[in-house]
Amino acid sequence: MWDQVKQSLQSSMGRAMESLARLLPGILAFIVAFLLFLFIGWVLAWLVRRILMVVGFDERMNHGAHTIAEWSPRLTPSQLVGRIVFWCFLTAGVMVGVSAFEAGSSESVVSGWILGYVPRIVGAALLLLAGNVLARYVSRSVLIAGVNLNLSYARLLSVGVRWMILVLTGAMVLDHLALGSEIVELGFGILFGGIVLALALAVGLGSRDLVSRSLEREASRAIEEQQQPERIHHF
Amino acid sequence: MAAIEFAEETRQQAERIGSADIVIGLAGPVAAEELRTRAAQMIPSLGPSLTSLRIVVAWPSPGAESAGASLNGSNPHALTLFPFTPPAASAGEFWAPVSAHQRAVLALAATLNARVCIVLGSDLAALDAHNLQLFAYAVLERQCGLVMPIYGAGKYDGLINTGILSPLHRALFGKRIRYPLSYDFAASGALCSRLAGISAGSNHNDNALLWPVTVAATHTSQAAVGQVHLDAHHQTAAGGLDLSAVLSQLAGSLFQEMDACAANWQRIRGSQPSPIWGNAPAEEADGQPIDTRPMLDSFLLGSKNLDEVWRLVLPPNTLLELRRLTRLAPDQFRMPDELWAGVVYDFALAWRLRTISRAHLLGALTPLYLGWVASWAGEVSALSRAAAEQRFEQLAHAWEDKKPYLLSRWRWPDRFNP
C-alpha cells in the first residue's frame with residue numbers, strides 16, 4: 001500500500017517536474033527577450049534624447065502658446081520623446097518575450113490568449129493615461145478661465161468638465177477591453193445623460209438664482225463700464 | 001542667432017541711401033501721408049544740431065511705397081523717408097508685433113551704420129522735435145547706450161509696469177528704469193545690432209518680446225542707460241485681448257528673460273539711479289478715488305477657487321497671508337509690498353521649474369495681480385502724482401530687499417521653504 005502511494009507520488013512529482021522543465025526554456029527565453037529589449041530601449045531612449053537636445057528640439061517645441069510642455073510640465077519635450085521610445089521598446093519586449101515563451105515551451109494556449117489581449121491592455125492603459133491627463137488639464141483650464149471671467153460657478157464648471165471626461169474615458173477603456181460591452185454602453189448612456197440632466201436641473205432649478213445673479217452682475221458691470229470712462233489702465 | 005531677413009527691395013533701398021546719422025524708426029505701420037505732414041512740420045523745430053545730420057525716417061509699410069523721398073522744409077539738409085517691407089516674423093498678439101517691428105527698425109539702423117536709432121510708437125504720439133532732441137542729446141552728447149522714456153502717466157496708468165515690470169527689472173538688473181517696456185526709446189549705433197538680435201552672441205527667438213534694458217544690462221560692455229521725460233500719451237490697443245492674456249504675455253516673456261539671463265542678474269545687488277533729462281510734464285488733477293470693488297471681487301473669487309493651483313506655487317506662509325487678506329474690509333485691504341514681491345518671485349520660480357503648465361501658472365497670477373491693483377489704487381487715491389511716485393520707490397525698494405529670497409529659491413528650489 002505504502003509502496004503504491006510512494007510510486008504514485010513520485011510519478012506525479014515527475015510529471016510536475018517535467019512540466020516545469022518544459023516551461024523553463026520558455027521562461028528563460030521570455031526573460032532574455034525582455035532584458036534585451038529593455039537594454040535596447042534604454043540605449044535608444046538615451047540616444048534619441050541626446051540627438052534631440054543637440055538639434056535644439058526643446059527650444060523649437062517651446063515656441064508659441066500651446067506646446068507639448070503645457071501638457072507635460074515636468075518633462076522637457078526631448079525627455080518625453082525619450083520616455084515614449086523607452087516604453088514602446090519595453091512593450092515590444094513583453095510581446096516578443098511572450099512569443100519566445102510560446103516557441104520555447106510549446107504551451108500555445110496561454111501565450112495565444114496573452115498575445116491576443118496585450119494590445120487591448122496597452123491601448124486601454126494609454127487611453128486611461130490620456131483621459132486622466134486631459135481631464136486634469138481641461139478642468140484646470142476651465143477653472144482658471146472661469147475665475148478670470150469672474151464666474152462665481154467656475155469650480156462647478158471645472159468639476160463637471162473633469163467628471164464628464166473621466167466618465168467618457170472610463171467607458172472607452174472598458175469598451176476597449178471588451179468587458180461587458182452592452183452594459184457599459186447602456187450604463188454610459190444613462191450616466192452621461194444623467195450628468196447632463198442633473199447639470200441642467202441644477203442650473204435651471206437649484207442654481208437659478210446664482211446664475212441669474214451672476215449674469216445680472218456681468219450685465220450691470222458692462223453698463224457701468226460703458227457709462228464710466230475707464231480710469232484704470234493696466235498697460 | 002536669428003538674423004532679420006529684409007526683402008531684396010528693402011536691401012537695395014538701404015544701399016541707395018548708404019548711411020545715416022540718425023534713424024527714426026516707427027514700430028508699426030503708419031498712415032504715410034500723416035507721417036509726411038508731421039515730419040514736414042517738425043523739421044523747422046529740430047534745431048541746427050539735428051538738421052546738420054543725415055536723418056532717415058523708416059517705417060514698415062506692407063505695400064512698398066515710393067522710397068528714398070526727401071523732405072527739405074526750409075533747411076538745406078533733408079529727412080529721408082524710408083518705407084520698408086516688414087520682415088515675415090511680425091505677426092502675433094498685443095506686444096509681439098511691436099517688438100518685431102522694433103527689432104526690424106533697429107536692424108535697419110545697424111545696416112545704415114546709424115549713430116543713433118530712435119524708435120517711436122506707430123501712433124506718432126511721441127513724434128515731436130523736443131522728444132527727438134532729448135533722445136539724440138542723451139545718446140550723442142551724453143554717450144548713453146540706451147535711453148528709455150519716462151511718461152507723464154497718471155496714478156492709475158500702466159499698472160502692470162508699476163506692479164511687476166519696473167520693480168522686477170530694477171531688482172534684477174540694478175537699474176532704476178521706470179518704463180522698461182515702452183513704445184519709444186533710443187539706442188546708440190553700437191547697441192542697435194545687439195538689440196535687433198543680429199550680432200554675434202545674440203540669442204533670441206522671433207516670438208520673444210524685446211526688453212531693451214535687459215539687453216543693455218547683459219551686454220558684455222554694459223551700456224549706460226539714461227532716461228528722458230516724454231510728453232506723450234500712447235493709446236495702447238490690446239486688440240480685444242483680456243487682461244489675463246496681456247498679463248500672461250508680458251509676465252511670461254519677462255520670466256523667460258529671467259531664466260535666460262540668470263547668470264547675469266544673480267551677481268547684481270541693489271540698484272543705481274539712471275541719469276534723467278527733460279522736464280516732467282505738468283501734473284493733471286486726479287484726486288477722485290477709484291472703485292476697487294470689482295478687482296477685490298476677482299481676488300476673493302481667485303482665493304476661494306484657485307487654492308489648489310496657488311498651493312503648488314506659493315509657500316504656506318504666503319498662502320496664510322493671502323488668506324488673512326481675504327478677511328479684511330474693502331477699505332482696509334492692503335497687500336504688503338514684501339508679500340507681492342514674494343508672490344511674483346515664486347511665480348517666476350514656478351515658471352522656471354515648470355511646476356505646473358505655464359499657461360495655467362500665468363492665468364492663476366491674474367487674480368493676485370488684481371488684488372495688488374485694488375490695494376495700490378486704494379493707497380494712492382489720496383496721493384498726488386509725485387507722492388505716488390514716492391510710494392512706487394518704496395515698492396521697488398521692497399522688491400530689492402526681497403531679492404535674496406529669490407536668489408535662495410532660484411539656487412536651491414528644493415530647500416524647505418515655510
Side-chain angles (χ1 to χ4, degrees), chain A residues 56 58-77 79-80 133-134 136-159 162 210 213-214 217-218 220-225 227-235, chain B residues 92-95 153-161 163 165 181 205-208 234 236 238 242-250 252 256 286 288 290-292 294-295 297-298 301-306 308-309 350 353-364 366-367 369-370 373 377:
Chain A
D58 291 347
E59 286 77 26
R60 285 166 206 266
M61 295 309 288
N62 281 339
H63 284 188
H66 299 287
T67 62
I68 287 181
E70 297 298 302
W71 295 85
S72 170
R74 285 190 177 274
L75 295 176
T76 60
Q79 282 174 327
L80 197 69
V133 171
L134 190 72
R136 196 182 57 179
Y137 186 86
V138 175
S139 73
R140 198 174 270 172
S141 298
V142 168
L143 179 66
I144 291 170
V147 167
N148 286 335
L149 285 170
N150 284 321
L151 302 178
S152 50
Y153 47 89
R155 177 162 291 278
L156 185 72
L157 269 181
S158 156
V159 172
R162 171 183 288 222
L210 180 77
R213 269 204 309 274
S214 182
R217 196 172 57 234
E218 284 304 308
S220 64
R221 183 176 293 168
I223 293 166
E224 276 173 24
E225 279 170 4
Q227 285 170 348
Q228 293 175 358
E230 188 87 40
R231 288 185 61 206
I232 281 194
H233 298 106
H234 294 285
F235 191 78
Chain B
E93 294 174 323
F94 187 53
W95 203 261
K155 292 182 292 187
Y156 309 119
D157 292 337
L159 290 175
I160 294 180
N161 179 66
L165 308 184
L181 188 70
N205 65 59
D206 294 333
N207 297 325
H234 291 285
T236 307
D242 60 1
L243 169 65
S244 184
V246 171
L247 186 63
S248 294
Q249 190 189 54
L250 299 182
Q256 185 81 53
D286 190 13
Q288 282 194 338
I290 219 155
D291 179 19
T292 58
M295 290 162 275
D297 286 348
S298 298
L301 191 66
S303 65
K304 203 166 74 181
N305 291 292
L306 294 182
E308 66 176 58
V309 182
L353 299 176
R354 294 179 179 275
T355 311
I356 55 169
S357 147
R358 287 177 169 176
H360 290 163
L361 180 80
L362 295 169
T366 309
Y369 164 75
L370 286 172
V373 171

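Every heavy atom of this structure was used, including side-chain atoms; hydrogens, water molecules and symmetry mates were not. Computed from a predicted structure; not experimentally measured. In what follows, chains are A, B, ... by sequence order, proteins preceding strands, each numbered from 1.
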Over all atoms of both residues, closest heavy-atom pair of [X] and [Y]:
{"X": "B:Leu301", "Y": "A:Ser152", "value": "CD1-CA, 3.8 Å"}
{"X": "A:Val147", "Y": "B:Pro367", "value": "CG1-CG, 3.9 Å"}
{"X": "A:Asn148", "Y": "B:Ser244", "value": "ND2-OG, 3.2 Å"}

Just give me the residue among B:Leu370, B:Ile290, B:Leu250 that pairs up with chain A most often, heavy atom to heavy atom, under 4.5 Å.
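Most heavy-atom pairs under 4.5 Å with chain A: B:Ile290.
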Student check: side-chain heavy atoms of A:Arg155 and B:Lys304 closer than 4.5 Å
no
Could you look at B:Asn161 and say if it's the side chain, the backbone, both or neither that has a heavy atom under 4.5 Å from chain A?
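It is the backbone, since no side chain atom gets that close.
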If you measure from CG on B:Asn305 to CG on A:Leu151, what distance do you get to the nearest 0.5 Å?
10.0 Å
To the nearest 0.5 angstrom, please state how far the CD1 atom of A:Ile144 sits from the CD1 atom of B:Ile356.
6.0 Å
